[in-house]
Amino acid sequence: MEGFRGPHPPAGVPEPAVSHFNGMLNLDGYGNRGSGFPGLKKRGHALGSRSWIKIDQDGNSKILELDKFTIMRHCSLPSRDLRLLDPLFIYPSTILGREKAIVVSLEQIRCIITADEVILMNSLDGCVVQYMSELCKRLQTNREQADDLPFEFRALELTLELTCTSLDAQVKNLELEVYPAMDELTTSVSTLNLERVRRLKGHLLALTQRVQKVHDEIEHLMDDDGDMAEMHLTKKKQRLEAYALGDIYFQNDIPAETRVVSKSAPCSPVRTISGVQKLQRAFSNIHGSLMSSSSNDENIDQLEMLLEAYFAAIDNAQSKLFTLKEYIDDTEDLINIKLGNVQNQLIQFELLLTAATFVATAVAVVTGIFGMNFVASIFDYPSAFYWVLIISGFACVLLYFSFLFYFRYKKVFPS
(Lines give C-alpha, C1' and ligand atoms only; values in the text may rest on other atoms or scores of the structure.)
Protein backbone atom coordinates (compact mmCIF):
# COMPACT_ATOMS: atom_id res chain seq x y z
CA MET A 1 0.00 0.00 0.00
CA GLU A 2 1.23 3.47 -0.70
CA GLY A 3 2.34 5.39 2.33
CA PHE A 4 1.42 8.77 0.91
CA ARG A 5 -1.90 9.42 -0.68
CA GLY A 6 -4.01 12.54 -0.88
CA PRO A 7 -3.79 16.04 -2.29
CA HIS A 8 -0.62 18.09 -2.05
CA PRO A 9 -0.76 21.02 0.37
CA PRO A 10 -1.07 24.48 -1.15
CA ALA A 11 1.69 27.03 -1.40
CA GLY A 12 2.70 28.59 1.90
CA VAL A 13 2.01 25.45 3.89
CA PRO A 14 4.97 23.61 5.41
CA GLU A 15 5.78 20.58 3.28
CA PRO A 16 4.78 17.47 5.20
CA ALA A 17 7.54 15.10 6.02
CA VAL A 18 6.17 11.88 4.63
CA SER A 19 8.11 8.67 4.70
CA HIS A 20 7.41 5.93 2.20
CA PHE A 21 6.87 2.53 3.69
CA ASN A 22 5.28 -0.77 2.89
CA GLY A 23 3.02 -1.21 5.91
CA MET A 24 0.35 1.08 7.35
CA LEU A 25 1.93 3.87 9.40
CA ASN A 26 0.69 4.09 12.98
CA LEU A 27 0.44 7.33 14.93
CA ASP A 28 3.06 6.03 17.33
CA GLY A 29 5.48 5.32 14.49
CA TYR A 30 4.97 1.58 14.31
CA GLY A 31 3.64 -0.41 11.41
CA ASN A 32 0.48 -2.44 11.64
CA ARG A 33 1.02 -5.99 12.67
CA GLY A 34 -1.09 -9.07 12.41
CA SER A 35 -3.72 -9.88 14.96
CA GLY A 36 -2.62 -11.77 18.03
CA PHE A 37 -5.76 -13.88 18.08
CA PRO A 38 -5.52 -17.16 16.17
CA GLY A 39 -8.31 -17.84 13.72
CA LEU A 40 -9.30 -14.18 13.49
CA LYS A 41 -9.33 -12.76 9.99
CA LYS A 42 -7.18 -9.75 9.33
CA ARG A 43 -9.15 -6.71 8.24
CA GLY A 44 -8.36 -5.10 4.91
CA HIS A 45 -6.87 -1.76 5.83
CA ALA A 46 -7.04 -0.62 2.24
CA LEU A 47 -10.80 -0.37 2.55
CA GLY A 48 -11.00 1.30 5.96
CA SER A 49 -8.04 3.68 5.73
CA ARG A 50 -8.37 7.38 5.02
CA SER A 51 -6.04 10.27 4.45
CA TRP A 52 -5.37 12.34 7.58
CA ILE A 53 -3.14 15.31 8.34
CA LYS A 54 -1.20 15.17 11.58
CA ILE A 55 -0.08 18.53 13.02
CA ASP A 56 2.16 18.53 16.10
CA GLN A 57 2.83 21.27 18.65
CA ASP A 58 5.72 22.71 16.60
CA GLY A 59 3.53 23.28 13.56
CA ASN A 60 4.92 20.41 11.52
CA SER A 61 2.37 18.66 9.31
CA LYS A 62 2.43 15.13 7.97
CA ILE A 63 -0.04 13.31 5.75
CA LEU A 64 -0.81 9.79 6.93
CA GLU A 65 -2.98 6.91 5.81
CA LEU A 66 -4.78 5.70 8.94
CA ASP A 67 -7.57 3.27 9.51
CA LYS A 68 -10.37 3.67 12.01
CA PHE A 69 -9.05 1.16 14.53
CA THR A 70 -5.62 2.80 14.71
CA ILE A 71 -7.21 6.16 15.54
CA MET A 72 -9.57 4.57 18.06
CA ARG A 73 -6.66 2.88 19.83
CA HIS A 74 -4.42 5.95 19.75
CA CYS A 75 -7.02 8.50 20.94
CA SER A 76 -9.15 6.16 23.11
CA LEU A 77 -12.30 7.00 21.17
CA PRO A 78 -15.40 4.88 20.55
CA SER A 79 -16.42 4.11 17.01
CA ARG A 80 -19.54 6.28 17.22
CA ASP A 81 -17.34 9.37 17.66
CA LEU A 82 -15.42 8.57 14.49
CA ARG A 83 -18.67 8.25 12.59
CA LEU A 84 -19.20 11.96 13.25
CA LEU A 85 -16.06 12.62 11.19
CA ASP A 86 -17.03 10.37 8.29
CA PRO A 87 -17.43 12.54 5.15
CA LEU A 88 -19.88 10.02 3.69
CA PHE A 89 -22.45 10.93 6.34
CA ILE A 90 -23.99 14.31 7.11
CA TYR A 91 -24.04 15.06 10.83
CA PRO A 92 -24.75 18.36 12.57
CA SER A 93 -21.95 20.38 14.10
CA THR A 94 -20.61 18.71 17.24
CA ILE A 95 -17.87 19.30 19.84
CA LEU A 96 -17.25 16.36 22.16
CA GLY A 97 -14.78 16.25 25.05
CA ARG A 98 -13.35 12.80 25.75
CA GLU A 99 -10.70 11.41 28.09
CA LYS A 100 -7.72 11.94 25.78
CA ALA A 101 -9.12 13.90 22.86
CA ILE A 102 -11.62 16.49 21.64
CA VAL A 103 -13.73 15.44 18.68
CA VAL A 104 -14.63 18.46 16.53
CA SER A 105 -17.01 18.43 13.57
CA LEU A 106 -17.80 22.01 12.58
CA GLU A 107 -18.93 22.57 9.00
CA GLN A 108 -16.16 21.16 6.76
CA ILE A 109 -13.51 21.03 9.51
CA ARG A 110 -13.46 17.56 11.05
CA CYS A 111 -10.58 16.77 13.35
CA ILE A 112 -9.43 15.10 16.56
CA ILE A 113 -7.51 17.33 18.97
CA THR A 114 -5.25 15.77 21.59
CA ALA A 115 -2.84 17.33 24.07
CA ASP A 116 0.08 16.95 21.62
CA GLU A 117 -1.33 16.93 18.09
CA VAL A 118 -4.23 17.56 15.78
CA ILE A 119 -5.42 14.79 13.48
CA LEU A 120 -7.29 16.56 10.66
CA MET A 121 -9.25 14.78 7.96
CA ASN A 122 -7.57 15.55 4.65
CA SER A 123 -9.73 17.35 2.11
CA LEU A 124 -9.48 19.81 -0.75
CA ASP A 125 -12.09 22.06 0.85
CA GLY A 126 -10.98 25.65 1.34
CA CYS A 127 -11.79 25.66 5.06
CA VAL A 128 -9.65 22.56 5.69
CA VAL A 129 -6.69 23.94 3.72
CA GLN A 130 -6.99 27.29 5.49
CA TYR A 131 -7.21 25.60 8.89
CA MET A 132 -4.08 23.53 8.27
CA SER A 133 -2.01 26.42 6.94
CA GLU A 134 -3.17 28.89 9.61
CA LEU A 135 -2.61 26.45 12.49
CA CYS A 136 0.88 25.55 11.28
CA LYS A 137 1.69 29.23 10.85
CA ARG A 138 0.48 30.17 14.34
CA LEU A 139 2.25 27.28 16.03
CA GLN A 140 5.53 28.05 14.29
CA THR A 141 5.19 31.77 15.05
CA ASN A 142 4.36 31.27 18.72
CA ARG A 143 6.93 28.53 19.25
CA GLU A 144 9.29 30.81 21.15
CA GLN A 145 6.59 33.01 22.66
CA ALA A 146 4.79 32.23 25.89
CA ASP A 147 1.11 31.53 25.42
CA ASP A 148 -1.38 31.15 28.25
CA LEU A 149 -3.64 28.87 26.25
CA PRO A 150 -2.72 25.19 26.01
CA PHE A 151 -2.29 23.49 22.67
CA GLU A 152 -5.78 21.98 22.48
CA PHE A 153 -7.45 25.33 23.24
CA ARG A 154 -5.47 27.06 20.48
CA ALA A 155 -6.48 24.38 17.99
CA LEU A 156 -10.11 24.58 19.12
CA GLU A 157 -10.03 28.38 18.97
CA LEU A 158 -8.90 28.33 15.35
CA THR A 159 -11.66 25.85 14.51
CA LEU A 160 -14.30 28.12 16.03
CA GLU A 161 -12.76 31.20 14.43
CA LEU A 162 -12.81 29.77 10.90
CA THR A 163 -16.30 28.33 11.38
CA CYS A 164 -17.76 31.61 12.65
CA THR A 165 -15.95 33.57 9.94
CA SER A 166 -17.24 31.25 7.22
CA LEU A 167 -20.82 31.36 8.47
CA ASP A 168 -20.72 35.14 8.88
CA ALA A 169 -19.44 35.53 5.31
CA GLN A 170 -22.27 33.33 4.03
CA VAL A 171 -24.77 35.41 5.98
CA LYS A 172 -23.42 38.63 4.45
CA ASN A 173 -23.58 37.18 0.93
CA LEU A 174 -27.16 36.10 1.57
CA GLU A 175 -28.02 39.60 2.77
CA LEU A 176 -26.66 41.07 -0.46
CA GLU A 177 -29.00 38.80 -2.43
CA VAL A 178 -32.12 38.92 -0.24
CA TYR A 179 -32.67 42.67 0.17
CA PRO A 180 -32.55 43.57 -3.56
CA ALA A 181 -34.71 40.55 -4.41
CA MET A 182 -37.33 41.59 -1.86
CA ASP A 183 -37.37 45.17 -3.14
CA GLU A 184 -37.75 43.98 -6.72
CA LEU A 185 -40.56 41.62 -5.73
CA THR A 186 -42.35 44.46 -3.98
CA THR A 187 -42.16 46.53 -7.14
CA SER A 188 -43.14 43.78 -9.56
CA VAL A 189 -44.84 40.57 -8.48
CA SER A 190 -43.87 38.15 -11.25
CA THR A 191 -43.24 34.44 -11.54
CA LEU A 192 -39.50 34.96 -12.01
CA ASN A 193 -39.21 37.13 -8.88
CA LEU A 194 -41.31 34.70 -6.84
CA GLU A 195 -39.11 31.78 -7.90
CA ARG A 196 -35.99 33.72 -6.96
CA VAL A 197 -37.37 34.57 -3.53
CA ARG A 198 -38.39 30.95 -2.99
CA ARG A 199 -34.83 29.80 -3.72
CA LEU A 200 -33.33 32.41 -1.39
CA LYS A 201 -35.76 31.45 1.34
CA GLY A 202 -34.62 27.82 1.08
CA HIS A 203 -30.98 28.91 1.42
CA LEU A 204 -31.91 31.05 4.40
CA LEU A 205 -33.60 28.13 6.13
CA ALA A 206 -30.64 25.79 5.57
CA LEU A 207 -28.10 28.38 6.75
CA THR A 208 -30.22 29.19 9.82
CA GLN A 209 -30.23 25.53 10.83
CA ARG A 210 -26.45 25.30 10.52
CA VAL A 211 -25.86 28.48 12.49
CA GLN A 212 -28.40 27.40 15.11
CA LYS A 213 -26.61 24.08 15.63
CA VAL A 214 -23.22 25.74 16.15
CA HIS A 215 -24.88 28.28 18.47
CA ASP A 216 -26.52 25.53 20.54
CA GLU A 217 -23.30 23.50 20.71
CA ILE A 218 -21.26 26.41 22.08
CA GLU A 219 -24.05 27.33 24.49
CA HIS A 220 -24.23 23.74 25.73
CA LEU A 221 -20.49 23.73 26.45
CA MET A 222 -20.69 27.05 28.29
CA ASP A 223 -23.53 25.79 30.48
CA ASP A 224 -21.70 22.62 31.55
CA ASP A 225 -18.55 23.16 33.64
CA GLY A 226 -17.87 19.42 33.63
CA ASP A 227 -17.58 19.31 29.85
CA MET A 228 -15.28 22.33 29.84
CA ALA A 229 -13.05 20.77 32.51
CA GLU A 230 -13.00 17.53 30.53
CA MET A 231 -11.62 19.36 27.50
CA HIS A 232 -8.43 20.52 29.25
CA LEU A 233 -6.28 17.67 27.96
CA THR A 234 -2.90 19.17 28.83
CA LYS A 235 -3.75 19.49 32.51
CA LYS A 236 -5.11 15.95 32.63
CA LYS A 237 -1.96 14.65 30.95
CA GLN A 238 0.28 16.52 33.40
CA ARG A 239 -1.77 15.23 36.33
CA LEU A 240 -1.46 11.64 35.14
CA GLU A 241 2.28 12.04 34.70
CA ALA A 242 2.57 13.56 38.17
CA TYR A 243 0.62 10.69 39.69
CA ALA A 244 2.82 8.17 37.90
CA LEU A 245 5.98 9.89 39.11
CA GLY A 246 4.57 10.05 42.63
CA ASP A 247 3.85 6.35 42.68
CA ILE A 248 7.35 5.58 41.44
CA TYR A 249 8.80 7.88 44.11
CA PHE A 250 6.89 6.25 46.96
CA GLN A 251 7.75 2.78 45.73
CA ASN A 252 11.44 3.66 45.61
CA ASP A 253 11.26 5.42 48.99
CA ILE A 254 10.06 2.29 50.80
CA PRO A 255 13.01 0.53 52.57
CA ALA A 256 13.90 -2.88 51.20
CA GLU A 257 13.53 -4.60 54.54
CA THR A 258 9.93 -3.41 54.91
CA ARG A 259 9.03 -4.96 51.56
CA VAL A 260 10.38 -8.41 52.62
CA VAL A 261 7.84 -10.61 54.28
CA SER A 262 9.05 -12.49 57.35
CA LYS A 263 9.06 -16.23 56.82
CA SER A 264 9.15 -17.03 60.54
CA ALA A 265 5.90 -15.25 61.31
CA PRO A 266 3.72 -15.54 58.25
CA CYS A 267 0.51 -14.76 60.07
CA SER A 268 1.61 -11.43 61.54
CA PRO A 269 0.94 -8.38 59.35
CA VAL A 270 4.01 -6.66 57.99
CA ARG A 271 4.03 -2.89 57.65
CA THR A 272 5.15 -1.91 54.20
CA ILE A 273 4.88 1.86 54.60
CA SER A 274 5.75 3.77 57.75
CA GLY A 275 3.34 6.20 59.39
CA VAL A 276 5.42 9.21 58.37
CA GLN A 277 5.31 8.12 54.73
CA LYS A 278 1.53 7.67 54.95
CA LEU A 279 1.15 11.18 56.35
CA GLN A 280 3.39 12.58 53.63
CA ARG A 281 1.37 10.85 50.96
CA ALA A 282 -1.94 11.99 52.47
CA PHE A 283 -0.76 15.61 52.71
CA SER A 284 0.54 15.47 49.14
CA ASN A 285 -2.82 14.12 47.94
CA ILE A 286 -4.70 16.88 49.78
CA HIS A 287 -2.37 19.52 48.41
CA GLY A 288 -2.66 18.06 44.92
CA SER A 289 -6.44 18.01 45.09
CA LEU A 290 -6.57 21.63 46.23
CA MET A 291 -4.17 22.71 43.51
CA SER A 292 -6.06 20.73 40.88
CA SER A 293 -9.40 22.24 41.92
CA SER A 294 -8.01 25.77 41.72
CA SER A 295 -6.36 25.05 38.38
CA ASN A 296 -9.57 23.52 37.08
CA ASP A 297 -11.43 26.72 37.91
CA GLU A 298 -8.78 28.72 36.08
CA ASN A 299 -8.91 26.40 33.08
CA ILE A 300 -12.71 26.61 32.97
CA ASP A 301 -12.48 30.40 33.04
CA GLN A 302 -10.01 30.36 30.13
CA LEU A 303 -12.18 28.11 28.01
CA GLU A 304 -15.34 29.97 29.00
CA MET A 305 -13.86 33.31 27.93
CA LEU A 306 -12.79 31.75 24.63
CA LEU A 307 -16.23 30.29 24.02
CA GLU A 308 -17.99 33.53 25.00
CA ALA A 309 -16.13 35.47 22.29
CA TYR A 310 -17.21 33.12 19.53
CA PHE A 311 -20.65 32.68 21.03
CA ALA A 312 -21.14 36.43 20.61
CA ALA A 313 -19.98 36.18 16.98
CA ILE A 314 -22.29 33.28 16.12
CA ASP A 315 -25.14 34.95 18.02
CA ASN A 316 -24.65 38.05 15.88
CA ALA A 317 -24.86 35.94 12.72
CA GLN A 318 -27.99 34.28 14.04
CA SER A 319 -29.56 37.67 14.75
CA LYS A 320 -28.86 38.75 11.16
CA LEU A 321 -30.58 35.62 9.87
CA PHE A 322 -33.60 36.26 12.08
CA THR A 323 -33.72 39.84 10.79
CA LEU A 324 -33.62 38.53 7.22
CA LYS A 325 -36.43 36.11 7.96
CA GLU A 326 -38.55 38.87 9.49
CA TYR A 327 -37.87 41.09 6.46
CA ILE A 328 -38.97 38.32 4.11
CA ASP A 329 -42.09 37.70 6.19
CA ASP A 330 -42.92 41.41 6.21
CA THR A 331 -42.43 41.59 2.46
CA GLU A 332 -44.70 38.59 1.97
CA ASP A 333 -47.34 40.21 4.15
CA LEU A 334 -47.08 43.41 2.13
CA ILE A 335 -47.45 41.48 -1.14
CA ASN A 336 -50.43 39.59 0.25
CA ILE A 337 -52.03 42.90 1.22
CA LYS A 338 -51.46 44.28 -2.27
CA LEU A 339 -52.88 41.14 -3.88
CA GLY A 340 -55.85 41.29 -1.53
CA ASN A 341 -56.45 44.90 -2.48
CA VAL A 342 -56.39 44.03 -6.19
CA GLN A 343 -58.76 41.16 -5.55
CA ASN A 344 -61.15 43.46 -3.70
CA GLN A 345 -61.10 45.90 -6.61
CA LEU A 346 -61.92 43.09 -9.01
CA ILE A 347 -64.82 42.02 -6.80
CA GLN A 348 -66.13 45.59 -6.69
CA PHE A 349 -65.91 45.87 -10.46
CA GLU A 350 -67.68 42.54 -10.84
CA LEU A 351 -70.42 43.77 -8.50
CA LEU A 352 -70.92 46.92 -10.58
CA LEU A 353 -71.11 44.84 -13.73
CA THR A 354 -73.68 42.57 -12.11
CA ALA A 355 -75.83 45.56 -11.12
CA ALA A 356 -75.59 47.02 -14.63
CA THR A 357 -76.53 43.66 -16.12
CA PHE A 358 -79.59 43.52 -13.86
CA VAL A 359 -80.70 47.01 -14.97
CA ALA A 360 -80.17 46.13 -18.62
CA THR A 361 -82.20 42.99 -18.10
CA ALA A 362 -85.08 45.13 -16.75
CA VAL A 363 -85.01 47.23 -19.96
CA ALA A 364 -84.95 44.01 -22.00
CA VAL A 365 -88.06 42.83 -20.14
CA VAL A 366 -89.95 46.00 -21.11
CA THR A 367 -88.79 45.58 -24.71
CA GLY A 368 -89.97 41.98 -24.71
CA ILE A 369 -93.40 42.92 -23.42
CA PHE A 370 -94.01 45.58 -26.07
CA GLY A 371 -92.65 43.31 -28.75
CA MET A 372 -95.49 40.82 -28.34
CA ASN A 373 -98.24 40.59 -30.95
CA PHE A 374 -101.27 42.00 -29.14
CA VAL A 375 -103.72 44.87 -29.72
CA ALA A 376 -103.50 47.85 -27.29
CA SER A 377 -104.67 51.48 -27.44
CA ILE A 378 -101.15 52.71 -26.62
CA PHE A 379 -100.01 51.84 -30.11
CA ASP A 380 -102.45 54.44 -31.48
CA TYR A 381 -100.32 57.28 -30.07
CA PRO A 382 -96.96 57.83 -31.81
CA SER A 383 -95.51 59.72 -28.83
CA ALA A 384 -96.22 56.82 -26.47
CA PHE A 385 -93.06 55.03 -27.63
CA TYR A 386 -90.86 57.92 -26.53
CA TRP A 387 -92.59 58.13 -23.16
CA VAL A 388 -92.10 54.42 -22.53
CA LEU A 389 -88.44 54.73 -23.52
CA ILE A 390 -87.84 57.72 -21.25
CA ILE A 391 -89.66 56.24 -18.27
CA SER A 392 -87.86 52.89 -18.64
CA GLY A 393 -84.44 54.53 -18.91
CA PHE A 394 -85.10 56.80 -15.94
CA ALA A 395 -86.30 53.82 -13.88
CA CYS A 396 -83.20 51.82 -14.80
CA VAL A 397 -80.86 54.67 -13.89
CA LEU A 398 -82.72 55.19 -10.63
CA LEU A 399 -82.47 51.46 -9.88
CA TYR A 400 -78.74 51.43 -10.65
CA PHE A 401 -78.04 54.37 -8.35
CA SER A 402 -80.16 52.73 -5.70
CA PHE A 403 -77.79 49.75 -5.86
CA LEU A 404 -74.78 52.02 -5.50
CA PHE A 405 -76.33 53.82 -2.54
CA TYR A 406 -77.09 50.48 -0.93
CA PHE A 407 -73.49 49.27 -1.45
CA ARG A 408 -72.11 52.45 0.06
CA TYR A 409 -74.50 52.16 2.96
CA LYS A 410 -73.35 48.61 3.62
CA LYS A 411 -69.73 49.76 3.20
CA VAL A 412 -69.11 47.36 0.37
CA PHE A 413 -67.47 50.22 -1.55
CA PRO A 414 -65.07 52.67 0.09
CA SER A 415 -66.59 56.10 0.63
Asker: Can you tell me how far CG of D125 sits from CZ of R110, rounded to the nearest 0.5 angstrom?
Answerer: 10.0 Å
Asker: First locate atom CZ of F401, then atom CZ of F405, and finally report the distance between them rounded to the nearest 0.5 Å.
Answerer: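 Going from CZ on F401 over to CZ on F405, the span is 13.0 Å.
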Asker: Which pair of heavy atoms, one from I112 and one from A101, lies closest together, and at what distance?
Answerer: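 Closest approach of I112 to A101: CG2-CB, 3.7 Å.
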Asker: State which residues pass side-chain hydrogen bond (donor to acceptor under 3.5 Å, both in side chains) with E217; sequence neighbours excluded, sorted by chain then number.
Answerer: none
Asker: Who pairs with E184 by salt bridge (Lys or Arg N to Asp or Glu O under 4.0 Å), at least two apart in sequence or on another chain?
Answerer: R196
Asker: Using residues 353-367 as the side-chain source, report each donor-acceptor pair under 3.5 Å to any protein atom, sequence neighbours left out, with the distance given to one decimal.
Answerer:
from, atom 1, to, atom 2, distance (Å)
T354, OG1, E350, O, 2.7
T357, OG1, L353, O, 2.7
T361, OG1, T357, O, 2.6
T367, OG1, V363, O, 3.0

Asker: R199: what forms a salt bridge (Lys or Arg N to Asp or Glu O under 4.0 Å) with it, not counting sequence neighbours?
Answerer: none
Asker: I'd like to check the side-chain hydrogen bond (donor to acceptor under 3.5 Å, both in side chains) partners of E175; sequence neighbours left out, ordered by chain and number.
Answerer: none
Asker: Determine, stepwise, if the pair L77 / L96 fulfils side-chain contact (heavy atoms from CB on, under 4.5 Å).
Answerer: CA-CA 11 Å; L77 293 176; L96 299 177; over 6 Å; no
Asker: How long is the gap from CD on E117 to SG on C111, to the nearest 0.5 Å?
Answerer: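 One gets 12.0 Å once the value is rounded to the nearest 0.5 Å.
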Asker: Under the criterion salt bridge (Lys or Arg N to Asp or Glu O under 4.0 Å), which of R80, R50, K68 is the partner of D86?
Answerer: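 One option only clears the test, and that one is R50.
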Asker: Using the side chain to side chain donor-acceptor pair (under 3.5 Å) rule, collect all pairs that involve residues 327-338, keeping only residues at least two apart or in two chains.
Answerer: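 Listed by first then second residue: D183-Y327, K201-E332, K325-D329.
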Asker: Using the side-chain hydrogen bond (donor to acceptor under 3.5 Å, both in side chains) criterion, which residues pair with K236? Sequence neighbours excluded.
Answerer: E230
Asker: Testing the 3.5 Å rule here: is there a donor-acceptor pair between the side chains of S49 and D67?
Answerer: no
Asker: What is the minimum heavy-atom distance between K100 and C75, and which atoms define it?
Answerer: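 Minimum heavy-atom separation between K100 and C75: CB-O, 3.8 Å.
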Asker: What is the minimum heavy-atom distance between F151 and D56, and which atoms define it?
Answerer: CE1-O, 3.9 Å
Asker: For T208 and L204, work out which heavy atoms get closest and say how close.
Answerer: OG1-O, 2.6 Å
Asker: Quick check for you: to the nearest 0.5 Å, what is the distance between F69 atom CZ and L82 atom CG?
Answerer: 9.5 Å
Asker: Does K410 have any side chain to side chain contact (heavy atoms under 4.5 Å, CB included) partners at least two apart in sequence or in another chain, and if so, which?
Answerer: Y406, V412
Asker: Mind checking the CG-CE spacing from L334 to M182? Nearest 0.5 Å is all I need.
Answerer: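 Between atom CG of L334 and atom CE of M182 there are 11.5 Å.
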Asker: Can you spot which of L106, I218, D216 makes a side-chain contact (heavy atoms from CB on, under 4.5 Å) with S93?
Answerer: L106
Asker: Where do E152 and T114 land on the side chain to side chain donor-acceptor pair (under 3.5 Å) test, with the steps shown first?
Answerer: CA-CA 6 Å; E152 62 272 15; T114 64; over 6 Å; no
Asker: Taking only distance into account, with no hydrogens and no angle test, what donor-acceptor pairs under 3.5 Å do side-chain atoms of residues 311-320 form with protein atoms, sequence neighbours excluded?
Answerer:
from, atom 1, to, atom 2, distance (Å)
D315, OD1, H215, NE2, 3.2
Q318, OE1, H215, NE2, 3.4
Q318, NE2, Q212, OE1, 2.0
S319, OG, D315, O, 2.9

Asker: Shortest non-hydrogen contact from Y131 to V118?
Answerer: OH-CG1, 4.0 Å
Asker: Please enumerate all residues that pass side-chain hydrogen bond (donor to acceptor under 3.5 Å, both in side chains) together with R83, with sequence neighbours excluded.
Answerer: none
Asker: Taking the side chain from D168 and the backbone from C164, do they hold a donor-acceptor pair closer than 3.5 Å?
Answerer: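 Such a contact is absent between D168 side chain and C164 backbone.
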Asker: Going by the rule salt bridge (Lys or Arg N to Asp or Glu O under 4.0 Å), which residues pair with D116 if we only count those two or more places apart in sequence or in a different chain?
Answerer: K237
Asker: Could you list the residues that satisfy salt bridge (Lys or Arg N to Asp or Glu O under 4.0 Å) with E195, not counting sequence neighbours?
Answerer: R198
Asker: Looking only at non-hydrogen atoms, find the nearest pair between L135 and A155 and report the distance.
Answerer: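 Looks like CD1-CA, 4.3 Å.
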Asker: Looking at CD of E99 and CG of L233, how far apart are the two atoms once the value is rounded to the nearest 0.5 Å?
Answerer: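 Here the rounded value is 9.0 Å.
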